[in-house]
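A quick write-up on the structure given underneath.
What you see is a predicted model, and the numbers here were worked out from it, not measured in a lab.
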Amino acid sequence: MDTQSLQAFLAVADSGSFSRAAEQLHLTQPAVSKRIATLETLTRARLFDRIGRRVSLTEAGRLLLPRARQILIMVDDSRRALGNLTGDVSGALILATSHHIGLHRLPPILEDYVRRFPKVRLDLRFLDSEQAYQGVLDGDIEVALVTLSAAPDSQLHARQLWTDELSFVASPEHPLSREHPLDLASLARHDALLPGPLTFTRQLILERLAAHGLVPTVGQSTNYLETLKMMATAGLGWTLLPDSMVRREIVDGRLVRLMPDAQPIHRPLGYLTHRDRTLSNAARSLLELFDTHAETPAAD
């Protein structure tokens, strides 16, 4: 099996479309179809059912899918291992980061990295932490700088670099701003502005409330923390945001900290890599730079 046919197979399987796969691979649609046909000839099996515009994996396709991913990961791993022998810090590096970390934590590190290693072709991808997490698991992303899961997959190496203290905030006009003392039960009775249902940050909030037998009333939800801050400023509800992100709004009087009678909530931030993947010299150099900016000492 040639790797180009396997790449085309994965692109079609992941996108569910020959045309979108062609766009991703910078090929024509007939070229993608030809590669799939070649793979079907080699495997002696039909890999996709094509009904109208819908493309779905056959049983043979579902069987091949994890093996195709593993084959391509092994090929890339071998290339990186051989390339690392030169000691040169160059080549392509795919780094995924969440929007918040990419805007508030990453810039000075990235500036330093680009200055030190100008031969690296950095592919920076802004993704939700959960998407980046999955991308590292699938082998599509070499390094992810994200909110860490409380229970990371055993296939991943997670290194905590920083801790975000999260603050309960609301508009000064919000009824909760006048409740003293304030408890979590009062929070739960008012509309909450929370990150998306599958995010690690939302899980932290729900777990804290659940420990007190509470379920929040969710008014609106978005994965963009800047949008949550805007909606809270407008008085649409209370939210929980990194303290560093809301200090200016608090000083300017556009938000107030709510001080419920509860321990603060913290979320761990750091990087992820796959344990079974040979990291490129470019990735190793980036991780070393991350470590120099860490607030949290490395575990022995």
Please determine if [X] and [Y] form a salt bridge, counting it only when a charged side-chain N lies under 4.0 Å from a carboxylate O.
X    : Y    : answer
E295 : R105 : yes
R121 : D123 : no
D49  : R54  : no

Straight-line distance of [X] [atom1] to [Y] [atom2], nearest 0.5 Å:
X    : Y    : atom1 : atom2 : value
T147 : L204 : OG1   : CG    : 8.5 Å
H274 : L156 : NE2   : CG    : 6.0 Å
K34  : S5   : NZ    : OG    : 10.0 Å

Is it true that [Y] and [X] share a donor-acceptor pair across their side chains at a distance under 3.5 Å?
X    : Y    : answer
E142 : S280 : yes
R202 : S221 : yes
E40  : T43  : no
Y133 : D138 : no
S17  : S19  : yes

In chain order, what residues pass the side chain to side chain contact (heavy atoms under 4.5 Å, CB included) check against [X], with sequence neighbours excluded?
X    : answer
D128 : E130, Q131, N223
L176 : H174, E179, L182, S186, L187, H190, W238, L258
A185 : D183, R189, L214
R248 : D252, R254

For this session: Return the minimal non-hydrogen interatomic distance between L193 and G237, and the atom names on each side.
Result: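 The pair with the smallest heavy-atom distance is CD1-O, 3.7 Å.
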Problem set entry | Residues forming a salt bridge (Lys or Arg N to Asp or Glu O under 4.0 Å) with R62, sequence neighbours excluded |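 Partners of R62 under the salt bridge (Lys or Arg N to Asp or Glu O under 4.0 Å) test: none.
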For this session: Could you name each residue pair satisfying side chain to side chain donor-acceptor pair (under 3.5 Å) that touches residues 20-30, not counting sequence neighbours?
Result: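 Residue pairs passing side chain to side chain donor-acceptor pair (under 3.5 Å), neighbours aside: none found.
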For this session: Check the surroundings of atom CZ in R275: do more than 12 heavy atoms from other residues, nucleotides or ligands lie under 6.0 Å from it?
Result: yes
